[in-house]
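Shown next, in structure tokens, is the structure this report addresses.
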Number of protein chains: 2
Amino acid sequence: MAIVRFTRQRQAVLEAVQQSTEHPDAAKIFDEVRHVVASISLGTVYRSLEALVAEGHLLQIQQPGMPTRYDARLENHAHFVCDSCGEVFDVLTKLPDVTPLAAQALEGFDVNSARVEFHGQCKRCRQN
Amino acid sequence: MAIVRFTRQRQAVLEAVQQSTEHPDAAKIFDEVRHVVASISLGTVYRSLEALVAEGHLLQIQQPGMPTRYDARLENHAHFVCDSCGEVFDVLTKLPDVTPLAAQALEGFDVNSARVEFHGQCKRCRQN
DNA sequence: GTGGTTGCAAAGGCTTTGCAGGCAC
DNA sequence: GTGCCTGCAAAGCCTTTGCAACCAC
């Protein structure tokens with residue numbers, strides 16, 4: 001296994017995601033990071049994101065038909081996805097842990113996490 | 001709005017997903033459907049899947065880095081995703097409805113469904 | 001007959017990868 | 001100095017789309 005280096009590029013990618021209020025995708029992150037490391041390439045953004053996810057610094061959010069988004073909020077939390085505009089919002093309310101229920105239902109499986117995702121219409125789309 | 005036609009192709013695609021024990025992706029469905037409608041094209045499979053999802057006959061399951069999978073089980077249920085092999089399993093245990101909690105946390109939003117997804121290692125991968 | 005649907009092939013969007021040079025350690 | 005990382009560009013994978021022929025209604 002290779003030793004991970006904290007290069008300017010990698011650090012800039014991490015910070016771009018952390019400072020984003022939304023849940024940006026690779027293209028959006030690329031745009032942001034260019035302001036910090038002008039020479040960075042999109043390929044490096046993807047490789048940095050991959051490394052950061054592997055190291056547990058970022059989470060991925062995937063929705064059908066949309067590019068992968070990244071989330072720097074590591075505490076366990078749910079997401080709300082607007083079915084109209086595709087925007088993703090954090091849901092920080094504490095939810096009951098249903099992992100034990102699944103573990104019971106799936107004998108012989110190792111269930112170690114649960115992700116909850118809500119769907120509907122966000123405030124703004126609802127008003128239009 | 002167009003009237004939807006139940007062509008041989010569309011019906012064969014639906015049946016292929018319904019008869020599959022796993023949660024197949026478009027390529028896998030294409031392979032299956034060819035045995036029924038030999039001349040079908042992959043493009044038609046995608047268009048049929050799109051129509052079937054829009055009509056509510058199928059659900060989509062998306063995981064980062066994997067092609068979209070389809071699920072014909074319409075009753076509300078959770079999925080377990082094996083982080084080792086990527087396989088998706090149904091979790092049919094009844095889980096508490098957390099939608100009201102999210103609705104409360106997201107004022108002004110219209111929260112109309114919740115999806116729960118468990119992660120871990122499946123029985124087979126655990127034994128290897 | 002009408003217009004949604006199909007098959008084919010090309011194009012599209014997002015992401016990964018090969019390579020030579022560069023830089024963190 | 002070593003070998004991981006970068007920038008660039010090409011390739012890859014999955015999916016969508018344009019078009020003319022086709023067929024369900």
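Lettering follows sequence order; numbering is per chain, from 1. As a basis for the values below, the full set of heavy atoms in this structure was taken, side chains included, without hydrogen atoms, waters or symmetry mates. Because the structure is predicted, anything quoted here is derived from the model rather than measured.
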Let me know which of A:Q60, A:Q18, A:H77 forms a side-chain hydrogen bond (donor to acceptor under 3.5 Å, both in side chains) with A:D71. A:H77
Does the side chain of B:T7 get closer than 4.0 angstrom to OP1 or OP2 of C:dT6 through an N or O atom? yes
Is there a side-chain contact between A:R8 and the phosphate of D:dT6, meaning an N or O under 4.0 Å from OP1 or OP2? no
Upstream residue (5' side of DNA chain D) when A:G65 and A:R10 are each assigned their closest nucleotide: A:R10
Establish, with yes or no, whether the OP1 or OP2 oxygen of C:dT16 is under 4.0 angstrom from a side-chain nitrogen or oxygen of A:Y46. no
For a salt bridge (Lys or Arg N to Asp or Glu O under 4.0 Å) check, start with the C-alpha distance between B:R115 and B:E117, then their side-chain angles and the critical distance, and finish with the verdict. CA-CA 7 Å; B:R115 304 192 72 176; B:E117 186 182 285; over 6 Å; no
Selection from C:dC14, D:dT16, C:dG7 that lies nearest to any side-chain heavy atom of B:R47: C:dG7
Gap between atoms CG and P, on B:L42 and D:dC13 respectively (whole Å): 14 Å
Phosphate OP1/OP2 of D:dG7: any A:T44 side-chain N/O under 4.0 Å: yes
A:Y70 OH to C:dT15 C1', straight-line distance once rounded to whole Å: 9 Å
Just how far is it from atom OG1 of A:T99 to atom CG of A:L106, taken to the nearest 0.5 Å? 11.0 Å
May I ask you to verify if any side-chain N or O of B:S41 is less than 4.0 angstrom from the OP1 or OP2 atom of C:dT6? no
Mind calculating the distance between CD (A:Q9) and P (D:dG7) to the nearest angstrom? 4 Å
Nearest whole Å is fine: how far is D:dT6 P from A:R34 CZ? 16 Å
Taking side chain to side chain contact (heavy atoms under 4.5 Å, CB included) as the criterion, tell me which of B:L58, B:L49, B:I29, B:V33 meets it with B:L14. B:L58
D:dT6 C1' sits how many Å from A:E50 CD, rounded? 14 Å
Heavy atoms from other residues, nucleotides or ligands near CG of B:N112 exceed 12 (cutoff 6.0 Å): yes
What is the distance from CD of A:Q11 to P of C:dC25, rounded to the nearest Å? 10 Å
Rounded interatomic separation in angstrom, taking CZ from B:F30 and P from C:dT6: 13 Å
Within this structure, what is the CD1-to-P distance between B:I40 and D:dC22, rounded to whole angstrom? 18 Å
Closer than 4.0 Å, any side-chain N/O of B:R5 to the OP1 or OP2 of D:dC23? no
